[in-house]
Amino acid sequence: MTGTFPRRRWGPAVQRGSTAACVGPRRPAHRPQGLRVRLAAAACALVACPAPVESQEWSPPPAPLASEEGSPIQRLGYTPMTEGADPVPEGTFQADLWLGYSNVWEKDSTTTHHLYMDFERLLTALTVRYGLSDGLEVGGRLTLETTSGGFLDPVVEGLHGFLNFSSRNRERYPRGEYQQYLELEGERVLEVARSDLALEDVRLFAKWSLYGSADGGRALSVRGVARVPIRSNVRGPERTDLAAMLLGRTRWGALDLHGMLGASSVRRAPEMREVLNPAQLFLMMAAGYRVTDRWSLLVQFSAATQILGDVGDRDLDLPPMNTVVGLAWRPAPGWRLEAAVQEDTPPWGPSVDFTLQLGLSRTW
């Protein structure tokens, strides 16, 4: 973490429609019928997808569950999505659809800041990749966002009660609300309005294989990503961020172990230099147990340094950390389906409280 927030330097807030951080004036709650329909339709499409006929197509090696941080503040910059270390073979296409439905609740106040986030978000990531040569893949991704007051508040309250996690007074506030804002030194500096299938960013990437064992049990690669944001935030326009990471995989009996370690720049507009750190580090560790040749149970942990400058408060200054538990299923060569749950770790940190995840991948 670098720097502190200076007093009385915050300029006037301007309404924006960015995905990346925090709220507008209180609006009456409404029923998110459109969001429910989209989420239900997407879930049905993934669950009801028929298993294809067996073929001799290439099937991707074991990989961690696709997941990424959903914190509005972290999404002011690049948020890495976990993925496997193996590039697709030369001449091979792969298409991925990932849905992450998050329930967000953060409320904290001190003499210097006031944070209030209460909403739900559906992130939809559409990714395509192609094996350009042996050991090299290139690709791109579109990220879509839909936000609303949502309907998962009572579910998350019950889950946190069952796990004996703190509710942080969530039950004292109306359910289905939409609130997102961060005030510093009395100025509302970060703000985001509701969005309905808005394009959040475009990402371009390449992955190079550094090592692959002859038996396929180990792999090591490096990946580079450029994130091009589509919308501006309240303090100034977001700029293209660059990231690089090392991805690894190894096999130990029935266990597949995965790792990711990387860094990204946060290219800040002049208006944001007092608000954001210039770079962040991130990591991921995952273990997958192969129950059968087709089914795997995975547990993984991810963390990153805070993108927001130090404000002297635990809820904002802690690194965002998440634990993900889920299942991956290969119905046939070239196909992979996965379902997972993501929880913030610890529950008082700045990460999104709860995320339901569904993923579908097809290679040909």
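From a predicted model like this one, the values you see are computed outputs, not experimental measurements.
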(message) Quick one: does any side-chain atom of Ser213 pair with a main-chain N or O of Arg218 as donor and acceptor, under 3.5 Å?
(response) yes
(message) Check whether Arg330 reaches the backbone of Ser296 with its side chain - one donor and one acceptor, N or O, closer than 3.5 Å.
(response) no
(message) Do Leu246 and Leu281 land in one hydrophobic cluster if side-chain heavy atoms of ILVMFWY residues count as linked below 4.5 Å?
(response) no
(request) Using a strict cut-off of less than 4.0 Å between a Lys/Arg side-chain nitrogen and an Asp/Glu carboxylate oxygen, indicate whether Asp96 and Arg129 qualify as a salt bridge. (result) yes
(request) Please check if the side chain of Lys207 supplies one atom and the backbone of Gly139 the other of a donor-acceptor pair under 3.5 Å. (result) no
(request) Check the pair Trp98, Gln357 against side chain to side chain contact (heavy atoms under 4.5 Å, CB included), reporting the backbone distance first and the verdict last. (result) CA-CA 7 Å; Trp98 181 82; Gln357 303 177 171; 3.9 Å; yes
(message) Is it the case that the side chain of Arg294 and the backbone of Pro331 share a donor-acceptor pair, with hydrogens and angles ignored and the cut-off at 3.5 Å?
(response) yes
(message) Working to the nearest 0.5 angstrom, can you tell me the gap between Ser264 OG and Met245 CE?
(response) 8.0 Å
(message) For Val128 versus Phe205, what's the shortest heavy-atom pair and its separation?
(response) O-CZ, 3.8 Å
(request) Using a strict 4.0 Å threshold on nitrogen-to-oxygen distance, state whether Asp86 and Arg249 make a salt bridge. (result) yes
(message) Check whether Ser221 reaches the backbone of Leu210 with its side chain - one donor and one acceptor, N or O, closer than 3.5 Å.
(response) no
(request) Side-chain contact test, heavy atoms from C-beta onward, threshold under 4.5 Å: evaluate it for Phe93 versus Arg362 and give yes or no. (result) no
(request) Indicate yes or no: at least one non-hydrogen side-chain atom of Arg223 is less than 4.5 angstrom from one of Trp208. (result) no
(message) I'd like to check Arg121 versus Glu145 (side-chain heavy atoms, cut-off strictly below 4.5 Å). Are they in contact?
(response) yes
(request) Report the C-alpha separation of Leu123 and Glu200 in whole Å, then their side-chain angles, then the decisive distance to 0.1 Å, and conclude whether the side chain to side chain contact (heavy atoms under 4.5 Å, CB included) test is met. (result) CA-CA 9 Å; Leu123 286 176; Glu200 181 188 36; 4.1 Å; yes
(request) Over all heavy atoms of both residues, which pair between Leu358 and Ala339 is shortest? Give the atoms and the distance, please. (result) CD2-CB, 3.8 Å
(message) For a quick check under 3.5 Å, do Glu343 and Asn322 share a side-chain donor-acceptor pair by atom type?
(response) no
(request) With side chain to side chain contact (heavy atoms under 4.5 Å, CB included) as the test, would you mind laying out the steps for Ile230 and Val202 before giving the verdict? (result) CA-CA 7 Å; Ile230 302 302; Val202 176; 4.0 Å; yes
(message) Around atom CG of Asp215, are there more than 12 heavy atoms from other residues, nucleotides or ligands closer than 6.0 Å?
(response) yes
(message) Quick check on Phe301: does its CZ atom have over 12 non-hydrogen neighbours (other residues, nucleotides or ligands) under 6.0 Å away?
(response) yes
(message) Quick one, Leu126 and Leu97 - any side-chain contact, counting heavy atoms below 4.5 Å?
(response) yes
(request) Decide yes or no for Trp335 and Leu360: does some side-chain heavy atom of the first lie under 4.5 Å from some side-chain heavy atom of the second? (result) yes
(request) Please check if the side chain of Gln94 supplies one atom and the backbone of Ser361 the other of a donor-acceptor pair under 3.5 Å. (result) no
(message) Is there a side-chain contact between Met81 and Ser67 in this structure, where contact means two heavy atoms from C-beta onward sitting under 4.5 Å apart?
(response) no
(request) Please check if the side chain of Glu120 supplies one atom and the backbone of Thr147 the other of a donor-acceptor pair under 3.5 Å. (result) no
(request) Mind listing the closest non-hydrogen atom pair of Arg251 and Gly216 along with its distance? (result) NH2-O, 3.9 Å
(message) So does Leu242 get a backbone contact from the side chain of Ser265, meaning a donor-acceptor N/O pair under 3.5 Å?
(response) yes
(message) Tell me whether the rings of Trp329 and Trp295 are parallel (<30°), tilted (30 to 60°) or perpendicular (>60°).
(response) parallel
(message) Taking Glu68 first and then Arg75, would you say they form a salt bridge - that is, a charged N and a carboxylate O separated by under 4.0 Å?
(response) yes
(request) Search all heavy atoms of Leu247 against all heavy atoms of Met260 and return the closest pair with its distance. (result) CD2-CG, 3.4 Å
(message) To the closest 0.5 Å, what do you measure between CG (Leu283) and OG1 (Thr82)?
(response) 12.0 Å
(message) For a quick check under 3.5 Å, do Tyr130 and Glu137 share a side-chain donor-acceptor pair by atom type?
(response) no
(message) If I take atom OG1 from residue Thr323 and atom CD from residue Gln300, how far apart are they, to the nearest 0.5 angstrom?
(response) 9.5 Å
(message) Please give me the minimum heavy-atom distance between Phe282 and Ala244, naming the atom from each residue.
(response) CZ-O, 4.2 Å
(message) On a heavy-atom basis, which atom in Gly135 and which in Pro87 lie closest, and how many Å separate them?
(response) O-CG, 3.8 Å
(message) If you apply the rule side chain to side chain contact (heavy atoms under 4.5 Å, CB included), what do you find for Val299 with Val324, and how did you get there?
(response) CA-CA 6 Å; Val299 179; Val324 183; over 6 Å; no
(request) Would you please say whether a donor-acceptor pair under 3.5 Å links the side chains of Asp201 and Thr143? (result) yes
(message) For the backbone of Leu122 and the side chain of Thr146, can you confirm whether one donor and one acceptor N or O come within less than 3.5 Å of each other?
(response) no
(request) State the CG-CG distance between Leu99 and Leu144, to the nearest 0.5 angstrom. (result) 10.0 Å
(request) State whether a side-chain donor-acceptor pair under 3.5 Å links Gln280 with Gln74. (result) yes
(message) Between Arg290 and Gly253 (side chain of the first, backbone of the second, donor and acceptor by atom type, cut-off under 3.5 Å), is there such a pair?
(response) yes
(message) Taking the side chain as everything from C-beta on, heavy atoms only, tell me whether Leu327 gets closer than 4.5 Å to Leu298.
(response) no
(message) Membership question, hydrophobic clusters at under 4.5 Å side-chain separation (ILVMFWY): are Leu65 and Leu337 in the same one?
(response) no
(request) Would you give the length of the straight line joining atom CG of Leu199 to atom OG1 of Thr124, rounded to the nearest 0.5 angstrom? (result) 11.0 Å
(request) State, yes or no, whether a side-chain contact exists between Val266 and Asn277 at a heavy-atom distance under 4.5 Å. (result) no
(request) Is it possible for you to say whether Val138 and Val222 belong to one hydrophobic cluster, with membership spreading through side-chain heavy-atom contacts below 4.5 Å? (result) yes
